[in-house]
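Beneath this line is the structure, given in structure tokens, with notes to follow.
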Amino acid sequence: MKFSVNWLHEFVDLPKNPEEIAKLLTRAGVETENIETRGAKIDKVIVSQITASSRHPNADRLTVCEVDDGSGTKRQIVCGATNYKAGDKIPLALPGAKLDNGIEIRKTNLRGVESEGMLCSPIELGLGEDASGLLILSAEAKIGAPLSDLFPGDTILDVEITPNRGDLLSHFGLTREIAALTGKKLKSTPREAKTDIKKSGLTISATRECPFFSARKIENVNVGPSPQWLRAKIESVGIRSINNIVDISNFVMLELGQPTHAFDADKLKGGINVRLARQDEEFLALDGKTYSLAPDNCVVADQERAVGIGGVMGGEETGVTNSTKNILLEAAYFLPASIRRTARNLNLPTDASYRFERGVDPEMVLRASQRATELIREIAGGTPATEINVAGKLPTNPADVSLSYEKCDRVVGISIKRRTVDEILEGFGLKQTKSERMRKNESSKWKIPSYRRDLQRDVDLIEEVVRAYGADKIPGTDRSRFTPASIADHAHDLESAWRQRLAAAGLDEVRTSKLLPRERFAFSKSAIELRNPLSEDHVALRPSILVGLLGVLDRNIRAGAERVAIFEIGRTFIRPSGKEERHLGILLWGNAASAPNWRSPQSRSLDLFDLKGALKCVVPNLSFRPGKFPDLALPVDVFSGDQMIGFGGQLSAAKFNAPGPVFVAEAHADLLLIAEETATKFHEIEKFPGATRDIAMIVPEEIPHETILHSIEEPREPLLESVELFDLFSGREIGAARKSLAYRLTYRDRSRTLTSEEVNAAHAKIRERLRRDLGAELRE
Amino acid sequence: MTHPLEQLRDDALCEIESAPDEQALETARVKYLGKSGSISSWSEQMRTLGKDEKPIVGKLLNEVRNAVTAALESRAANFRSQMESEGLARIDISLPGTPHEIGALHPLTQMWERSIEIFRRMGFALADGPDIEDEWHCFDALNTPPEHPARNEQDTFYLPDGRLLRTHTSTVQIRTMQAAPPPIRVIAPGAAYRRDELDATHSPQFHQIEGLYVDENVSVADLKGALEFFMRELFGTGTEVQFRPHYFPFTEPSLEIYVKSKALKGGERWIEVAGSGIVHPAVFEAVNKARGDDAYDPKKWTGYAFGLGMDRLAMILFDIPDIRLFAQNDLRFLRQFA
């Protein structure tokens, strides 16, 4: 909310420097977000009066005005606005003036007519948002006087009021806080309403939603423009001036925090009833829109129809217009929860609903009504009724709150003197209720002011103590604690290790959005859609990581990348329950090396075995088996031991249009996390040398490595320790549909050195098996 | 008087020392130690010496032979290493090292790892909770009942079945307390979602670390100590940390945390980095009700909680101007943090 420092100053003496006010408030939890100086930029702008005007000879949209600037000689000004008439007093920027928008005024020639200055609109002077026409000054303004006489300099504070502090949503409310924080006395407080109260003429059917309602009739008002001071005041904090009655209502809200509303009394049909809306009841509001109401909306109604959405917005048909003679001034208390629901359901947040849903001060309702009435009488010349009609009951005062000083110290972490605590709470308007028993219990009981309904428990009072005492005066303490590792710790550590390994294997880690755009539903036909997406870019929860990885590939190819080797570990959401699974996704595309380099000038492309190698970094006992997946041209199922943990392969070119093949894999990481972490156990380093023998063979192309390996290893030769494939080729020299493979076999006995004969015997058995079982053509 | 052998030794050493190349050195070797070299011929003459002279000259001859041999070897070694160096000197040592492909970890991961590492040193364990939540865990249990001004359903993504995407990781506070009695000392890294338009500082998905410590006598001072330590570890020892009272429904008192450091861009400005506070007793009461016991008796236990925005902290620490860069995953961006 915006606050005028001049206005605040009417209630309390403020620190001279606005920065200091801002700092004071911010340190007490009332954050000042912006400080804006107003009025300083209106040098060389004076009050002038338009004495005559005529059409510009060469431009339809311009007029030529004769202006009295108080110097005795008339000035000629060319002007584009149309909202004035001869006799109006207008701010005139003289040549040399620098306006708020940065424009410097000079004597110019506009389409052949000389213009000796510029007539100004409010926005050009930094006096409001209005840019629609000239700023018409009040008739009393003295011609030739500097405009700063009318608009003294001011500073506007933009303050973030937290939702629990509805009491700060007014100039009076904020000064009350400043007074408490500085220990200064308030210069004035809104007077008690001394009007006679009459419990008639009104009914409340919705007593829960509207516990209290008041209406005061004011007759014979003159609706018209507001005086300059009133306009300036509300416009300085960003409220548009409408007419004197509406402006007064807004002024009182800004001053005291209590919204009021004025009805055109002659348009009301019968007495007011506050009731719940009927289902689908139509209502034309002041904003010109028709709202369809529901029974949880509270309306102010006459005997025929709703005339206002209670605490939110008045009705168009009964609003105050220039022809209004008699008004009915509403001031009420609405249930915060009800207002909030209504404003939210109708998507109609207003300045009034903002305050009601945060809770207004019940004691301010009638005071505000009185203040508005007085202003209306002064400004619009109305005659208020001697009585104010009321219905219902104002909420009772908040319950007393007990505070144990010992608990206060315990929560704050330092010992604060009781007197200090008491003084702080008293400063905020709390009153201690004396009780001998309490004092013995080292605690105190506090009466809470009507405007501080947020103070409900001892911790709320402790917060007040911290705010006023100063959080920076509480020294930080070192309080650590031994904590055993949790399941989440183990999961995190394993995941971190995977990230490290995959990065060490040359893959970059990416993090893509878990919210998918509408157009990208490859791999995600079964995604859970959001009920209320905000844009087409985020409409569903990802069931797979690959969608995001493909997006990253696309972006990087377009950015000119020649190698994209990426992985992501993160949550996916599986239909129908939305079960959250942690998945690992890998994508490889392009060159094996990110740049050509002088050590290995021949570059090759990343392929399926790079994918397999990357997976091997994190998946124990990895194997690929033929799989089925419609989006993959070469689909494989990914296994860890005997458990299938994911899928992968080469992406179908029809699915993703990239230059060159794209390899992807996605594994369900949680399945690998379950394995209980046990420390690796040492086994003795081999003391005796092993012996190696190579086998080179030619086999038909269709025999896979796995079959050859199986033939070598089963049945197991006890001396065979390991088998490695070290060469593979096919080509014309070995014949069509054939391939040549070479394996190195290592033989070892852990307890002795093998003899050449033993090794040869074992090796011969394996060779024979290969020849017999696979028809392998063994090469010597 | 100098013995002729000594003279011979000095001549030999001098000649070895001044041999300009390996060939000259070989000539010297042959001259002194060769079959008919001077030292060898002295050995021949030993037989002719008398009984008294023999051991003295023999000893001397041995010394001379050893000295000359050692000098020859050392000189030869010099020539060899010189030759080796001359050969290697032709290598252009300014050539680049053999490249290895090493991937980069995402800056958000790095931010998370740094933060977790600091909190672990302070004795926090990790906790976890789902991204898809119910209203009770996200709002009600956190003292934000329906119609509460801070309960902003407008900013919340809902699923068709009425569940929602958590708007903060504070849900993990509730889940952790439901699962175990106090004391609790956990941090929970995770994603959260808000129905915000994507721009330079807002993203519908963002990342947090939640913290919760419940124990006897946990105070504002303890909270300050913990987070001051964290911020200084993260941003450097010269970092100033400020706690400003604020409002969150689920903590009371509530404090927002600001840091200021010359090491950060924007130097002398206070930057908001986290929200924190003392756990509101209503949160304990909600947990007790769900647990069906009185494990979190607000009279006995107090706690502090905090939430750190990881995206924001990473943007501050790494000087990243736009939150959208995190989800775009441009390799030219990611590789900067390798």
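Everything quoted here is computed from the prediction, not taken from an experiment. Chain naming here is simple, since letters A, B, ... match the order of the sequence lines and numbering starts at 1 in each.
Residue contact with chain B, scored on non-hydrogen atoms closer than 4.5 Å, is absent for A:Ala565. In this structure, chain B has heavy atoms under 4.5 Å from both the backbone and the side chain of A:Val564. Proximity to chain A is limited to the side chain of B:Tyr258, based on heavy atoms less than 4.5 angstrom apart. With a threshold of 4.5 angstrom between heavy atoms, A:Asn164 approaches chain B through its backbone and through its side chain. Only the side chain of B:Glu113 comes within less than 4.5 Å of a heavy atom of chain A; its backbone N, CA, C and O stay farther away. Residue contact with chain B, scored on non-hydrogen atoms closer than 4.5 Å, is absent for A:Arg165. Heavy atoms closer than 4.5 Å to chain A are found in the backbone of B:Asp196, but not in its side chain. Contact annotation for B:Leu255: only side-chain heavy atoms (C-beta onward) come within less than 4.5 Å of a heavy atom of chain A. Heavy-atom distances place the side chain of A:Arg599, and not its backbone, under 4.5 Å from chain B. Neither the backbone nor the side chain of B:Arg121 comes within contact range of chain A, judged by heavy atoms closer than 4.5 Å. Only the side chain of A:Glu160 has a heavy atom closer than 4.5 Å to any heavy atom of chain B. Proximity to chain B (any heavy atom under 4.5 Å) is restricted, for A:Ala28, to the backbone atoms N, CA, C and O. For a residue to count as touching a neighbouring chain, one of its non-hydrogen atoms must lie under 4.5 Å from one of that chain's; by this rule A:Ser577 touches chain B with the backbone only. With a threshold of 4.5 angstrom between heavy atoms, A:Arg555 approaches chain B through side-chain atoms but not through N, CA, C or O. Interface residue B:Ile116: only side-chain heavy atoms are found under 4.5 Å from chain A. Neither the backbone nor the side chain of A:Ala491 has a heavy atom closer than 4.5 Å to any heavy atom of chain B. Both the backbone and the side chain of B:Val218 come within contact range of chain A, with heavy atoms under 4.5 Å apart. Only the side chain of B:Glu228 comes within contact range of chain A, judged by heavy atoms closer than 4.5 Å. Of the two parts of B:Arg194, neither the backbone nor the side chain holds a non-hydrogen atom closer than 4.5 Å to a non-hydrogen atom of chain A. Contact annotation for B:Ser254: both backbone and side-chain heavy atoms come within less than 4.5 Å of a heavy atom of chain A. Only the side chain of B:Tyr193 comes within contact range of chain A, judged by heavy atoms closer than 4.5 Å. Contact of A:Pro336 with chain B is not made at all, since no heavy-atom distance falls under 4.5 Å. With a threshold of 4.5 angstrom between heavy atoms, B:Pro96 approaches chain A through its backbone and through its side chain. Heavy-atom distances place both the backbone and the side chain of B:Ala282 under 4.5 Å from chain A.
Looking only at distances, no side-chain donor or acceptor of A:Asn597 sits under 3.5 Å from a matching main-chain atom of B:Pro99. The closest donor-acceptor contact from the side chain of A:Ser486 to the backbone of B:Leu126 lies under 3.5 Å. Although no hydrogens or angles enter the test, the distance criterion places a donor-acceptor pair under 3.5 Å between the side chain of A:Thr483 and the main chain of B:Gly123. A distance-only check finds a donor-acceptor pair linking the side chain of B:Lys224 to the backbone of A:Ile474 [under 3.5 Å].
For the residue pair A:Ala471 and B:Phe243, the shortest heavy atom distance occurs at CB-O, 3.4 Å. The shortest heavy-atom contact between B:Glu197 and A:Leu534 is N-CD2, 3.5 Å. Closest approach of B:His148 to A:Arg340, counting heavy atoms only: O-NE, 2.9 Å. Between B:Phe157 and A:Leu515, the shortest heavy-atom contact is CE1-CD1, 4.0 Å. Taking all atoms of both residues into account, the shortest heavy-atom contact from B:Ile132 to A:Glu580 is N-OE2, 2.7 Å. Contact between B:Leu334 and A:Glu509 at its shortest, heavy atoms only, is CD1-O, 3.5 Å.
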side-chain contact (heavy atoms from CB on, under 4.5 Å) evaluation trace for B:Arg185 with A:Ser480: CA-CA 9 Å; B:Arg185 193 171 168 90; A:Ser480 302; 4.3 Å; yes
Trace of the salt bridge (Lys or Arg N to Asp or Glu O under 4.0 Å) decision for A:Arg457 with B:Glu285: CA-CA 13 Å; A:Arg457 296 172 178 253; B:Glu285 285 157 10; 2.8 Å; yes
Working for salt bridge (Lys or Arg N to Asp or Glu O under 4.0 Å), residues A:Arg571 and B:Asp128: CA-CA 12 Å; A:Arg571 285 182 190 187; B:Asp128 206 359; 2.5 Å; yes
Verdict with supporting geometry, B:Arg120 and A:Asp489, side-chain contact (heavy atoms from CB on, under 4.5 Å): CA-CA 10 Å; B:Arg120 280 182 163 176; A:Asp489 275 301; 2.7 Å; yes
Chi angles and distances behind the side-chain contact (heavy atoms from CB on, under 4.5 Å) call for A:Ile462, B:Ile278: CA-CA 11 Å; A:Ile462 294 170; B:Ile278 298 295; over 6 Å; no
Chi angles and distances behind the side-chain contact (heavy atoms from CB on, under 4.5 Å) call for A:Asp508, B:Leu331: CA-CA 8 Å; A:Asp508 292 308; B:Leu331 294 176; 3.6 Å; yes
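Considering A:Glu463, A:Glu464, A:Arg467 in turn, A:Glu463 is the only one that fulfils the side-chain contact (heavy atoms from CB on, under 4.5 Å) rule with B:Pro253.
Taking CG of B:Asp215 as the reference point, atom CZ of A:Arg479 lies at 5.0 Å (rounded to 0.5 Å). Taking NE2 of A:His538 as the start and CZ of B:Arg195 as the end, the distance is 12.5 Å to the nearest 0.5 Å. Summarising the geometry, atom CG belonging to A:Leu507 is positioned 10.0 Å from atom CD belonging to B:Glu101; distances are rounded to the nearest 0.5 Å.
Using a 4.5 Å cut-off on side-chain heavy atoms (C-beta onward), A:Asn532 and B:Gln154 make no contact. For the pair B:Leu165/A:Leu541, a side-chain contact is recorded, criterion being any heavy-atom separation below 4.5 Å from C-beta on. In this structure the side chain of A:Asp460 reaches within 4.5 angstrom of the side chain of B:His280, judged on heavy atoms. You'll find the side chain of A:Ile566 stays beyond 4.5 Å of the side chain of B:Asn329, heavy atoms only.
With respect to chain A, the highest number of heavy-atom pairs below 4.5 Å among B:Ala327, B:Pro281, B:Ala226 belongs to B:Pro281. Counting heavy-atom pairs under 4.5 Å between each of B:Ala104, B:Ala221, B:Gly225 and chain A puts B:Ala221 at the top. Contact count versus chain A (heavy atoms, under 4.5 Å) is highest, among B:Phe326, B:Phe229, B:Phe124, B:Tyr213, for B:Tyr213. The most heavy-atom pairs under 4.5 Å with chain B, out of A:Gly166, A:Gly413, A:Ala488, come from A:Ala488. Across A:Glu31, A:Lys407, A:Lys514, A:Glu568, the residue that shares the most heavy-atom pairs under 4.5 angstrom with chain B is A:Lys514.
Between the side chains of B:Thr109 and A:Arg511, at least one donor N or O sits under 3.5 Å from an acceptor N or O.
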